[in-house]
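Below is one structure, written out as C-alpha cells; comments come after it.
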Amino acid sequence: MSEIVLTAGLLITLFFLLGLGVWVGFALTLTGALGMLLFSNAPIGPIMATTLWGHSHSWALAALPLFILMGEILLRSRLSDHMFKGLAPWLGRVPGKLLHVNILGCAIFAAVSGSSAATAATIGKMSVPELQSRNYPMGLIIGTLAGSATLGLLIPPSIILIVYGVATEQSIARLFIAGVLPGLLLVSMFAIFIGIYGLVRPDLFPEEKQSFTFIEKLKGSKRLIPILLLIMGVIGSIYIGIASPTDAAAVGVILSLVLAWFNGALSKSMFIDALMGATKTSCMIAFILAGAGFLTVSMGFTGIPRNLAAWIDTFQLSQFALLAALTVFFIILGCFLDGISVVVLTTAIIMPMIEAAGIDPLWFGIYLVIVVEMSQITPPVGFNLFVIQGLVKENILQIAAAAFPFFLLLLLAVGVITVFPEIVTVLPSLMDAR
Amino acid sequence: MRRHLNGLYNASGALAAILIFAICLLVSAQVVANLITKIFGTSVALTIPSYADFSGYFLAASSFMALAYTFKHDGHIRVLLVRDTFTPKVKNYVDRLVLTIAAVTACYTTYYMALLTLEAYEFGDQSFGIIAIPLFIPQFFVFLGLLIFSISIIDTLLSPLETDDAVLDE
C-alpha cells in the first residue's frame, strides 16, 4: 500500500516540476533521484554520474547531431524555392491541385530533415504566400501544412526515432527502415483526402490557368533531382546495410554542403548558423536523454515499471484494448509535453508493460512516433501550430481546427498499422533476410 | 565580469560545435576509407583506429560543453503552459524557484561527475579499442561542461536582482 502512495507521490512530483517550468532534463533527473532516495539505499550521486557518462557517448547517438546538421544546412540552401517550382507544374490538374505541393514538399523535406517544426517552417515559408496569392482557402493551406509537416518525425532520418532507439536499445537502422512504409501510407492518405476534397468541393479551388508540357515540367523539377538522389542515397545505404545511420548522416552532411554550394547558398555565416543551430538542438536532446537515462536506471531500483506492468496484466486486456487506452493517454500527455519528452518518459516507465503485453518494440516505436505526430498539432502545446502561427498570424485555435482532419487521419493510420502490423515490420525483416 | 562570462559560454559552445563537425569529418573519412578498401580490394582494410570510440567521446564532450550556450540561447525545453498564465511578479518568483532547483541539481551533478573523473584518472581507466584512450579525458570535458552550465544557471539567477519582471523572458 505504501508503495502505491510513494509511486503516486513520485509521479505527482514529476508533473509538478514539469508544470512549474523546470527544464525537462532537470525534472527527469530530480524525479529519478527522489525515486532512488525513497525506494532504495543505492548511492544516488555516483550512479547519476555513471549514467550521465554512460548514456552520452554511444556511437549510435552520434547520428543525432549529424542528421540535425544535415537538415539545418539544407533548410538554408534555397531548397524550398525549388520545391514549389519543381512540384507545382505537375500538380495543377490533379484534384486538390497545388495543395498537394504542401503534402509532397513536406514529405520530401521530411526525408532530409528529422524535425517536424523545421519542415513546417521551411515548406510553409515558401508555399503559404504562393498559395495565398492564388486564392486557395486559408483553412486548407494551414491544414495540409500542419498535417504533412508531422511527417518529419516519421520519414527517416527521424530525430525522434534515434531518441527512441537509443533509449530502448533498438537498432536505429531497423527503426528508420520500419518508418518508410508508414510514412508513405500517411502521405497517400493525406493526398487522397485532399483529392477527394477537390472532387467534392471544386468551387473552393482556384483555376490553374497555366499549363505545362512534359519537357517544361521536367525542366522545372531538375533542381529537385539532387535532393531526391541525396534522400535515396541516405535511406538506401542504410537499407542495403553498407552504412550505419551514423555513417550515412556524416556523408549526408558533406553532400548537403556540396549541394548548398551548387545552389550558391553556402557561405561562412550560413555554415556557422547551421552548425550552431545543430549544436544547440542536439545538446537540448542529449540533455533530456541523459536525464531520461538516469530516470530509467532509478525506475529499475524502484520497481515501478515492473509493478505497473504486473498491475496492467491483471486486467487481462487484449493488445487492442491496451493500445487504445495508451493512445488516449498519449494524446492527453502530448497536449502538454513535447514529443521527445513523451518518448523518453514512455521508455523509462511504460516499456516493460509493452514487452509484457507481447508488443514488438520495433512496431511500438513507429506507433509511438505517429501518436507523437498527432500531439504536434493539438493545442495547447503543439509545436507545428506555433510554427505556423508565426507564418500566418492566425489564432492558434483556428490553426488547430484547420489541422483537425489531419489529426483524424493520423488516428486512422494508427488503426491501420495496428490491424496490419506488417506495414511496419515487412521492410526491416527483409533487411534481416539479406 | 559580464563580458568574461558571456565569452566563456560562447567559447564552450564553439568548442561543442567544432567537436560535432569533427565527428562528421572523422566518420566521413572512415566511409571513404571503406570505399577505397572495397574498390581496390586492398588486403588490409583501411581503418581509422578507434574511430567509433572517438566519435562517441567527441559527442559526449560536445553535448555537455554546449549545455551553457544552449541554456543562454533559450534552447532547453521546459513547459511554459502554467507559467504563462501568471502575472509578471509571480513569474519572477517562479523563475527564481525554478532556477534555484536547476542550480542545485546542476551543482550536485557536477560534483559527482568530478569524482567520477578523478576516479578514472587515479585508476587509469582506458577504453578497450585499438587505441586505449584514458577515460578521464572525455570525462573531464563532461565535468567541465556541467561546471560551466552550473555557472550559467547561477549567473542567470543572480543577475537582474532589482527588477520585478520575469527573470527568464526572452
Side-chain angles (χ1 to χ4, degrees), chain A residues 17-27 29-30 33 44-50 52-53 55-62 64-66 68-69 242-244 246-251 253-254 272 275-276 278-290 336-338 340-341 380-381, chain B residues 13-14 16-21 23-28 30-32 34 38 52-53 55-67 69-71 73 75-83 94-95 97-98 101-102 105-106 108-109 111-117 135 138-139 142 146 168:
Chain A
L17 289 172
L18 286 172
L20 201 63
V22 175
W23 290 269
V24 174
F26 282 131
T29 310
L30 275 171
I44 299 173
I47 292 179
M48 188 188 275
T50 316
L52 281 188
W53 164 247
H55 279 66
S56 56
H57 69 265
S58 81
W59 160 250
L61 192 58
L64 184 84
L66 300 182
I68 295 173
L69 179 56
I242 54 169
S244 71
T246 310
D247 295 328
V251 178
V253 170
I254 304 289
I272 290 176
L275 187 57
M276 292 319 287
T279 306
K280 264 189 290 184
T281 307
S282 67
C283 168
M284 175 271 280
I285 296 173
F287 181 34
I288 295 178
L289 261 176
F336 304 99
L337 275 178
D338 65 285
I340 289 168
S341 307
V381 180
Chain B
I18 290 168
L19 284 168
I20 286 182
F21 198 62
I23 298 174
C24 178
L25 294 179
L26 186 65
V27 177
S28 304
Q30 178 57 46
V31 171
V32 172
N34 283 344
K38 253 193 194 132
D53 284 346
S55 305
Y57 296 150
F58 284 0
L59 175 71
S62 168
S63 302
F64 284 86
M65 288 304 284
L67 280 172
Y69 175 84
T70 307
F71 177 72
H73 286 80
H76 291 302
I77 287 190
R78 61 194 194 116
V79 180
L80 295 174
L81 210 61
V82 186
R83 175 190 176 273
V94 172
D95 284 348
L97 174 62
V98 165
I101 293 173
T105 317
Y108 181 84
T109 316
Y111 174 72
Y112 280 98
M113 196 62 222
L115 289 189
L116 185 76
T117 311
L135 287 186
Q139 284 178 355
V142 171
L146 282 169
L168 289 163

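Keep in mind that what you see is a predicted model, and the values were worked out from it rather than measured. So you know, we letter chains A, B, ... as the sequences are listed, proteins then strands, and number each from 1.
When heavy atoms are compared at a cutoff of 4.5 Å, B:Phe58 does not approach chain A at all. Contact of B:Ile20 with chain A is made through backbone and side chain together, with heavy-atom distances under 4.5 Å. Residue contact with chain B, scored on non-hydrogen atoms closer than 4.5 Å, involves the side chain of A:Ile242 exclusively. At a 4.5 Å heavy-atom cutoff, the contact between B:Leu97 and chain A is made by side-chain atoms alone. If you measure heavy-atom distances from A:Thr29 to chain B, the contacts under 4.5 Å come from the side chain alone. For chain A, the nearby parts of B:Tyr57 are the backbone and the side chain; heavy atoms of each come within less than 4.5 Å. Residue A:Thr50 touches chain B through both its backbone and its side chain, counting heavy-atom pairs closer than 4.5 Å. With a 4.5 angstrom heavy-atom cutoff, A:Leu61 touches chain B via backbone and side-chain atoms both. Neither the backbone nor the side chain of B:Leu19 has a heavy atom closer than 4.5 Å to any heavy atom of chain A. At a 4.5 Å heavy-atom cutoff, the contact between B:Ala106 and chain A is made by backbone and side-chain atoms alike.
Interatomic distance, A:Ile44 CD1 to B:Thr109 OG1, rounded to the nearest 0.5 Å: 11.5 Å. Rounding to the nearest 0.5 Å places NZ of A:Lys280 at 13.5 Å from CD1 of A:Ile285. To the nearest 0.5 Å, atom OG of residue A:Ser56 and atom CG of residue A:Leu289 are 10.0 Å apart. One finds the CH2 atom of A:Trp53 at 6.0 Å from the CG atom of B:Leu135 (value rounded to the nearest 0.5 Å). Rounded to the nearest 0.5 Å, atoms CZ (B:Phe21) and OG (B:Ser28) are 8.0 Å apart. Between atom OG of residue B:Ser62 and atom CD1 of residue B:Ile23 there is a gap of 6.0 Å, rounded to the nearest 0.5 Å.
The residue among B:His76, B:Met65, B:Met113 with the most heavy atom pairs within less than 4.5 Å of chain A is B:His76. Ranking A:Ala286, A:Ala250, A:Ala290 against chain B, the residue ahead of the rest is A:Ala250, based on heavy-atom pairs under 4.5 Å. When B:Ile101, B:Ile18, B:Val27 are compared by the number of non-hydrogen pairs under 4.5 Å with chain A, B:Val27 comes out ahead. Counting heavy-atom pairs under 4.5 Å between each of A:Val253, A:Val22, A:Thr281 and chain B puts A:Val22 at the top. Counting heavy-atom pairs closer than 4.5 Å to chain A, the top-ranked of the candidates B:Pro138, B:Ala14, B:Ala114, B:Ala61 is B:Pro138. For the set A:Gly19, A:Ala49, A:Ala278, A:Cys283, the entry with the most heavy-atom pairs within less than 4.5 Å of chain B is A:Cys283. Looking only at heavy-atom pairs under 4.5 Å with chain A, the residue among B:Thr105, B:Val142, B:Ile77 that has the most is B:Ile77.
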I would like to know whether B:Arg78 and B:Arg83 meet side chain to side chain contact (heavy atoms under 4.5 Å, CB included); could you show each step before the answer?
CA-CA 10 Å; B:Arg78 61 194 194 116; B:Arg83 175 190 176 273; 3.5 Å; yes

What verdict does the side chain to side chain contact (heavy atoms under 4.5 Å, CB included) test give for B:Gln139 and B:Leu116, after you've listed the backbone C-alpha separation in whole Å, the side-chain angles of each residue and the deciding distance to 0.1 Å?
CA-CA 8 Å; B:Gln139 284 178 355; B:Leu116 185 76; 4.0 Å; yes

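Taking the six-membered ring where the residue is Trp, A:Trp23 and A:Phe26 present perpendicular rings, their angle passing 60° and hence far from 30°.
With contacts defined as side-chain heavy-atom distances shorter than 4.5 Å, the pair A:Phe287/B:Ser63 does not qualify. A heavy-atom distance below 4.5 Å is found between the side chains of A:Leu69 and A:Leu275.
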